[in-house]
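Below you'll find the structure, written out as structure tokens, and then a few comments.
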Amino acid sequence: MVYKDVVAWSSMITGYVRVGNPNYSLELYTKMIDLGFDPNGFTLSAVIKACCEIRDLKLGCGFHCVVIRRGFEENNVIISSLIDMYGKNYDFSSALKLFDEMPKPDAVCWTSVISALTRNELHEEALRFFYTMHRRNGLLPDLFTFGSVLTALGNSGRSRQGREVHAKIVTAGLCGNVVVDSSLVDMYAKCGVVDGSQRVFDRMDKRNSVSWCALMGGYCQKGEFDTVIELFRTMEEVDLYIFGTVLRACAGLAALKSGKEVHCQYLRRGGWRDVIVESALVDLYAKCGFDNYAYVIFRQMKVRNSVTWNSMISGFAQNGKGSNLLKTAAISSSFS
DNA sequence: TTAGGGTTAG
């Protein structure tokens, strides 16, 4: 395919990123360059976003060089894409460096760096940036900013500040957005204020799987596992994330029957081979005394991580399988 | 024609 000018190429490249085909966007970009067209700001922000989607840090760095070479360093749209790309690829120091070099970052750039810090679990730093953006620079946080800030507040267990931010969201008239409301449910849940989560959840007009998952996570954290299982049974649509939480509740109760039902439902969905859910299954069966079955799942897993190994090893330990335990522990140590 | 947000396991 050949387009007549760089505007047409950019529209196509941007369009394919938007519809979730970043690889094709990058192919188009290569073709465009091969045909001798020069990328403009629109093209570059789109391909950087594509690198972000496919989690290709190396290629993203390459585009960062192109941005510098072509003199787009003061383009806020491109820089916020780059900050986001570095943040999502867990290179927060590059994200921070880029942000620090900006003479006058706008609210979106502040939000991008707050999100990069939150994603890299630098929650206190993210909150410092949020207050600086707001108080010292007079920039107004929006829906996107609050989404990240609530994550940082929840993960650092700051319920008092969480309530203050909740008040700001109400004042700004931003309640009613499903992402912000779900983030509030999650913030209260992670702070151990599950009644706060429930209140926000009850007032929501529109809920999605994130809202449910956040609420159920709150009850799990409180040890109210029966409530989690009850909530799960009332859900009409479930997604991958829910399984991890509900299996944690089943394991907490050593509820083999419920666990098996959830396991069947997970298998019926088909296609998912998720390390988190499968690790939760290993833990569930081991806690219910079925370490042999836990081991069957463990062996079939395509991807294992430290949680999987720990669940299996402690499963053997709990069930008095000393020799299996030592064998598994020895193999796991060769992976670390 | 372009940028940024939320949820699972030991």
Side-chain angles (χ1 to χ4, degrees), chain A residues 6-15 17-18 39-49 52 72 75-85 87-88 95 99 105-116 118-119 141-152 154-155 174 177-187 189-190 197 207-218 220 228 238-252 266 272 274-284 286-287 304-315 318:
Chain A
V6 68
V7 175
W9 280 101
S10 297
S11 309
M12 294 312 292
I13 291 169
T14 311
V17 178
R18 197 177 301 132
N40 62 18
F42 292 88
T43 336
L44 288 172
S45 62
V47 287
I48 292 163
K49 195 171 177 182
C52 196
F72 286 108
N75 181 320
N76 278 359
V77 177
I78 294 180
I79 301 302
S80 63
S81 306
L82 279 169
I83 292 172
D84 190 50
M85 189 277 296
K88 285 189 176 138
F99 180 80
D106 62 16
V108 177
C109 292
W110 278 93
T111 304
S112 303
V113 79
I114 290 167
S115 153
T118 304
R119 197 176 293 271
D142 66 5
L143 296 167
F144 289 77
T145 327
F146 283 122
S148 288
V149 166
L150 288 168
T151 304
N155 285 322
L174 298 174
N177 174 281
V178 71
V179 176
V180 170
D181 288 347
S182 303
S183 305
L184 281 167
V185 174
D186 181 58
M187 182 276 292
K190 293 230 168 77
S197 296
R207 302 180 186 111
N208 62 17
S209 64
V210 179
S211 340
W212 284 87
C213 199
L215 179 70
M216 285 157 70
C220 256
V228 177
V238 295
D239 75 351
L240 183 61
Y241 283 83
I242 296 290
F243 286 103
T245 304
V246 73
L247 286 169
R248 179 179 161 197
C250 295
Y266 174 68
W272 287 333
D274 184 72
V275 65
I276 295 180
V277 177
E278 289 173 339
S279 302
L281 284 166
V282 169
D283 187 57
L284 164 79
K287 283 211 171 89
R304 301 182 192 102
N305 63 20
S306 61
V307 178
T308 328
W309 287 96
N310 281 339
S311 299
M312 193 64 255
I313 291 166
S314 53
Q318 281 158 24

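Below, each value reflects all heavy atoms present in this structure, side chains not excepted, and no hydrogens, waters or symmetry copies. Residue numbers begin at 1 in each chain, while the letters A, B, ... track the order of the sequences.
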Practice task
Would you confirm whether A:Ser115, through its side chain, and A:Thr111, through its main-chain N or O, come within 3.5 Å as a donor-acceptor pair?
Solution key: no

Handout entry: A:Asn208 (side chain) donor-acceptor with A:Ser211 (main chain) under 3.5 angstrom
Key = yes

Problem - Donor-acceptor pair, side chain of A:Ser45 and main chain of A:Phe42, under 3.5 angstrom - result: yes

Handout entry: Flag, side chain of A:Ser197 to backbone of A:Ala189, donor-acceptor distance under 3.5 Å
Key = yes

Practice task
For A:Ser81, report the nucleic acid contact type (base, sugar-phosphate, nothing); a contact means any heavy atom under 4.0 Å.
Solution key: sugar-phosphate

Practice task
Could you tell me whether A:Val17 contacts a base, only the sugar-phosphate backbone, or nothing, with contacts defined as non-hydrogen atoms closer than 4.0 Å?
Solution key: nothing

Problem - A:Lys49 side chain near B:dT2 phosphate (N/O to OP1/OP2, under 4.0 Å) - result: no

Exercise for the section: Please determine, by modelled atom types, if A:Asp186 and A:Ser183 share a side-chain donor-acceptor pair under 3.5 angstrom. Expected result: no

Problem - Residue list, salt bridge (charged side-chain N to carboxylate O under 4.0 Å, His left out) with A:Asp84, at least two apart or on another chain - result: A:Lys88

Completion exercise
For nucleotides 5-10 of chain B, 5' to 3', base contacts (B), sugar-phosphate-only contacts (S) and non-contacts (-) with protein non-hydrogen atoms under 4.0 Å give BBBBBB

Fill in the blank from the handout: From CD1 of A:Ile83 across to C1' of B:dG4 the rounded distance in Å is 9 Å

